[in-house]
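Just so it is clear: chains get the letters A, B, ... in the order the sequence lines come, proteins before strands, and each one is counted from 1.
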2 protein chains.
Amino acid sequence: MNRVQRKRDERVRRIVAVAAEVFGERGYEATSLEEVAERLDVTKGSLYYYFAGKDELATAAIETLGTDWTERLEALARTLADVPRPERLRALLREHIAIAVHEYPAALRLFLVPDSWPTALRDRIRELRRRHDLVFRREITAGVAAGDFAVVSVDATLQAMHATMSQAPLWCSHLAAEAQERAIDDLAAVLCKLAGEQKGSL
Amino acid sequence: MNRVQRKRDERVRRIVAVAAEVFGERGYEATSLEEVAERLDVTKGSLYYYFAGKDELATAAIETLGTDWTERLEALARTLADVPRPERLRALLREHIAIAVHEYPAALRLFLVPDSWPTALRDRIRELRRRHDLVFRREITAGVAAGDFAVVSVDATLQAMHATMSQAPLWCSHLAAEAQERAIDDLAAVLCKLAGEQKGSL
DNA sequence: CCGAAGTTCGACCTGAGAGTCAAGACTTGT
DNA sequence: ACAAGTCTTGACTCTCAGGTCGAACTTCGG
């Protein structure tokens, strides 16, 4: 029975992964369960054995992708724990953008749910994002406290970083593999300036 | 007969404006012509008198909103022509974000079309965006040439600015009017650092 | 005031896709 | 091997929204 449970979990995981992919490519409305089923080599009917309906599947996709990504980011921050301050942020940004581009290219469209969606889901997404941003927020506030960074507004800085990173896959998708890596480096370097000390303008 | 033409143009303009609004709120797929018609106080049928179908209406909405916005931006750049260099970019960014937030809150969703859309439309959108970005590109390259700015990569800088500005309405929509204005100022100040001279990191 | 052109209406058709379900196929423990 | 539980299927219904169309209504030039 544990064996059974395992298999079921595995199955659910696969379904959710594929669903996240399709929802991200097509958007919620344009995604048909038929297509999700097709990519899984099953029929639409059996999806209903695991999920009550389209909404629940989409919710699960958002939830899973959101927490997985955040956990990876937190692990990454731990890995980079002993890199010195100015480089640390840069490395964190770079790796994060790379992950976004290579592994979660569908995230932007998946999380950009219409205003008409249930409030509960929208709140959940905001919560996921807050936790996600926390890694960078900590990094910046610590840097500011130590005098290594200087920002006009932590929130606005975070917002700019987040917006840029979430749109990176869109920008990079048309580039060849090499150019893509350079673009990722460039973006990280550029975003790093957001935290750096300002010089010149007001 | 000119009178007739005028009236027709006016009508088309209204339809497109409302359509852009709805498409931006709901996304392409979730938008029903019924709803567009309802907001215009007409019935679905009469929309077909002006547009061949949903696609054509969406295309017109994208086209109109894209060119209108770009023209406003270009006019704005002309207005700010004699502001000195470091402030000029900042003012341009600020005004542009303000316009985005207050007048084109639907732009992000409207322009973020799925991969499955016709290539012609996707190409057109990319072209609109290029022209749109040109204002900022000129500003930055001129500043770099004059030694006022220093950037790692013009493209990446532009991308970061564009991404942040296009997501600004989403971020600001939950804020009260005053907080919104402050957020816009903060974002402009933050983005301005992207062009400024770097200090410290590699 | 009339006829023609321009415009709107609303009933209708159609296809796509969400969701249901009874029957059968496969797995697993004994 | 067999029975109980687990999963998959494919045919079915139903709703919703895109699109069509002829009739009716409005506007305009003469």
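Rounded to whole angstrom, the span from the OH atom of B/Tyr49 across to the P atom of C/dG6 amounts to 6 Å. One can place CG of B/Asp41 at 16 Å from C1' of C/dT7, the figure rounded to the nearest angstrom. Put simply, CD on A/Glu38 is 17 Å from P on D/dT8, counting in whole angstrom units. If you measure from atom NZ of B/Lys44 to atom P of D/dG18, you get 7 Å, rounded to the nearest angstrom. Taking atom NZ of residue B/Lys7 and atom C1' of nucleotide D/dT26, one finds them 9 Å apart after rounding to whole Å. Atom CZ in B/Arg6 sits about 18 Å away from atom C1' in C/dG6, given to the nearest Å. When the C1' atom of C/dA18 is taken as reference, atom CG of A/Asp55 falls 10 Å away, rounded to whole Å. We find that CD of A/Glu34 is positioned 16 Å from P of C/dG15, with the value rounded to whole Å.
No option in B/His162, B/His132, B/His102 other than B/His132 meets the ring-ring contact (aromatic ring centres under 6.0 Å, His included) test with B/His96.
When the nucleotides C/dT27, C/dT8, C/dA18 are ranked by their closest atom to the side chain of A/Tyr48, C/dA18 comes out on top. Considering only the side chain of A/Ser32, C/dA18 comes nearest among C/dA18, C/dC9, D/dC7.
Under 3.5 Å, the side chains of A/Gln167 and B/Ser166 contain a donor-acceptor pair of N or O atoms. A/Tyr28 and A/Asp55 share a side-chain donor-acceptor pair at under 3.5 Å.
Among the heavy atoms of the strands lying under 4.0 Å from B/Gly45 is at least one base atom, whether or not backbone atoms are also near. Residue contacts for B/Tyr50: at a heavy-atom cut-off of 4.0 Å it reaches the sugar-phosphate backbone alone, with no base atom in range.
Where B/Leu33 and A/Arg11 each meet DNA chain D at their nearest nucleotide, the meeting point lying more 5' is that of A/Arg11.
Phosphate contact (OP1/OP2 of D/dT9, side-chain N/O of A/Ser46, threshold under 4.0 Å): present. A sub-4.0 Å separation between OP1 or OP2 of C/dG6 and a side-chain N or O of B/Arg8 is absent.
A donor-acceptor pair is defined here as one N or O able to donate and one able to accept, closer than 3.5 Å; no such pair exists between the side chain of B/Glu29 and the backbone of A/Ala30.
Counting non-hydrogen atoms of other residues, nucleotides and ligands closer than 6.0 Å to CZ of A/Arg14 gives a total of 12 or fewer.
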